[in-house]
Amino acid sequence: MNSDNVAAGPRARKKKEEEGGEVHQLLRLSDEVEQALREGQPVVALETTVINHGPPYPENLELAFAIGQAVREGGAIPATIGIADGHFVVGMSESELERFAGTEHIPKATTRDVGLILASGGLGATTVASSLFIADNAGIPVLSTGGIGGVHRNASVTFDISADLLELTRRQVAVVCSGAKSILDVGLTLEYLETLGVPVIGYRCADFPAYYCTSSGFPNPQRTDELTTLAAAIDVHWEAGATGSVVVTSPIEAEDALDSDRIEQAVQGAVQQAERDGVHGAAITPYLLKAVSAATRGRSAAASRAVLISTAKLAGQVARALADRQAAERDSGRALGPGRQAGRAGDMWKRVT
């Protein structure tokens, strides 16, 4: 899609119109996503780290297609986000997905990394944090992921806290997930989310899930069993003027889940071994995930796939319910609140040359 067809969602577009400038040129939206956003149809953002840092090719490509199909089954348009050729690509085509899936060693691109990757014209696989950043500025109000990042174990010593949590305070995007990854300190992650003022709502579940496991042992701070109530809670949170995200949790299906005690034992052992081996920083997450895979004899890969697909379908349903609610309000003549009218696209969206 050429730059003449670049467009942003209603919030980001309105902001640029108010500023008297053109719609920012770093976003490259697919025709399908662009049309859906212009018409107020439901769209779900998807990250690309799961493609490039998940299963090998071609299994990763098949997984990407399956996740997108799950979003459609939920009633929304999938918008897989990646960085390529100096642009944020929102709504990757089949050929673009194949390019990402078949290219080795594409770097993870969290929010701090996007400037250099854009300027260099290379490829970048978006994380939850950078996907939130891009989705919000494109006007996409829902993102699906298997599990959010959080506070790592031993963070009191390492200060290792995912950028996902800070980005959740900045972006008006509902994040549908299966809780936080079980390799994290889930209790401290929940405490930090509370401190940041990020709502965490369990959809038809009392316990906060832990990615592969149905329960982390901690309760969800809030719960609703009705999709319309969930959509209303998200919408009103932003209408009231809150600038941050809403985290929606839904657990893995019981038949796909892994034993939480076995996972915890594996993670504890791996954390201790990582300390002895001097593993830290960005290397710690793949190190711990490898230990979980070994402990489960590869079952964690199947569980991860199940989580990604189930959360994508629910995200589609949430996006549909949210779009239906906002359409009903527009039809009734009720003005949208200020928190839902404008995106925050600014000087960062000038073209990189």
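Since the structure is predicted, the reported quantities are computational estimates derived from the model, not experimental observations.
Remark: side-chain polar atoms of S144 are not paired, donor with acceptor, to backbone N or O of A315 under 3.5 angstrom. Counting only distance, with no hydrogens or angles, the side chain of T48 and the backbone of I81 share a donor-acceptor pair below 3.5 Å. Between the side chain of Q172 and the backbone N or O of A242, at least one donor-acceptor pair lies under 3.5 Å. Panel note: side chain T110, backbone R112; no donor-acceptor pair is recorded below 3.5 Å. A donor-acceptor distance shorter than 3.5 angstrom exists from the side chain of D259 to the backbone of R262, with no hydrogens or angles considered. Counting only distance, with no hydrogens or angles, the side chain of N52 and the backbone of F100 share a donor-acceptor pair below 3.5 Å. Side-chain N or O atoms of T158 include one that pairs as donor or acceptor with a backbone N or O of N154 at under 3.5 Å. Side-chain N or O atoms of T145 include none that pairs as donor or acceptor with a backbone N or O of I148 at under 3.5 Å. The backbone N or O of G244 sits less than 3.5 Å from a side-chain atom of W238, completing a donor-acceptor pair.
Contact of the P42 side chain with the V142 side chain is not registered, since no non-hydrogen atoms from C-beta on lie closer than 4.5 Å. In this structure, E264 and S182 have side chains that are not in contact, with every pair of non-hydrogen atoms separated by 4.5 Å or more. At least one side-chain heavy atom of N220 sits less than 4.5 Å from a side-chain heavy atom of V200. Using a 4.5 Å cut-off on side-chain heavy atoms (C-beta onward), T249 and I201 make no contact. Contact of the F133 side chain with the V114 side chain is registered, since non-hydrogen atoms from C-beta on lie closer than 4.5 Å. Side-chain contact between Y212 and V292 is present, with heavy atoms from C-beta onward closer than 4.5 Å. The side-chain heavy atoms of V248 and V175, taken from C-beta on, include no pair separated by under 4.5 Å. No side-chain heavy atom of Q69 sits under 4.5 Å from any side-chain heavy atom of I309.
Contact record, T127 with S130: N-OG, 2.9 Å, taken as the closest heavy-atom pair.
Between R153 and E275 there is no salt bridge, since no side-chain nitrogen of the basic residue lies less than 4.0 Å from a carboxylate oxygen of the acidic one. Electrostatic pairing of E32 and R38 does not count as a salt bridge here, judged by no charged N lying under 4.0 Å from a carboxylate O. A salt bridge is absent between D256 and R299; no separation between the charged side-chain nitrogens and carboxylate oxygens falls under 4.0 Å. Electrostatic pairing of E96 and R28 counts as a salt bridge here, judged by a charged N lying under 4.0 Å from a carboxylate O.
Judged by distance alone, the side chains of T126 and S131 do bring a donor and an acceptor atom under 3.5 Å apart. No side-chain donor-acceptor contact under 3.5 Å links D225 and Y203. Of the N and O atoms on the side chains of Q268 and Q272, not one donor lies less than 3.5 Å from an acceptor on the other residue. Looking only at atom types and distance, the side chain of E98 has a donor-acceptor partner in the side chain of Y57 under 3.5 Å away. Using modelled atom types and a 3.5 Å distance limit, the side chains of Q273 and D277 yield a donor-acceptor pair. For S304 and Y211, the side-chain atoms include at least one donor-acceptor pair closer than 3.5 Å. Between the side chains of T111 and E167, at least one donor N or O lies within less than 3.5 Å of an accepting N or O.
Taken from CZ in R325 to CZ in R330, the straight-line distance is 12.0 Å, to the nearest 0.5 Å. Note that NE2 of H152 and CD1 of I183 are 5.5 Å apart. Values are rounded to the nearest 0.5 Å. We find the CG-CZ distance between L132 and R171 to be 8.0 Å, quoted to the nearest 0.5 Å. In this structure, I67 CD1 and I51 CD1 are separated by 7.0 Å, a value rounded to the nearest 0.5 Å. Separation of atoms CG (D164) and OG1 (T169) is listed at 11.5 Å; rounding is to 0.5 Å. A distance of 7.0 Å separates NE2 of H87 from CD of Q25, quoted to the nearest 0.5 Å.
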CA sep, side-chain torsions, deciding dist, call: V247, L168, side chain to side chain contact (heavy atoms under 4.5 Å, CB included): CA-CA 8 Å; V247 174; L168 286 167; 4.1 Å; yes
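For the side-chain contact (heavy atoms from CB on, under 4.5 Å) test with Y192, the passing option among T189, L190, L196, L188 is L196; the others fail. The side-chain contact (heavy atoms from CB on, under 4.5 Å) with S178 is formed by just one residue from the set C205, P209, C213; it is P209. Applying side-chain contact (heavy atoms from CB on, under 4.5 Å) to Q317 and the options V176, L227, V44 leaves one that passes, L227.
Counting non-hydrogen atoms of other residues, nucleotides and ligands closer than 6.0 Å to CD of E94 gives a total of 12 or fewer. Within 6.0 Å of CD in Q35 there are 12 or fewer heavy atoms belonging to other residues, nucleotides or ligands. Within 6.0 Å of the CZ atom in R276, the count of heavy atoms belonging to other residues, nucleotides or ligands exceeds 12.
Among residue pairs with one or both ends in residues 172-198, none qualify as salt bridge (charged side-chain N to carboxylate O under 4.0 Å, His left out); sequence neighbours excluded.
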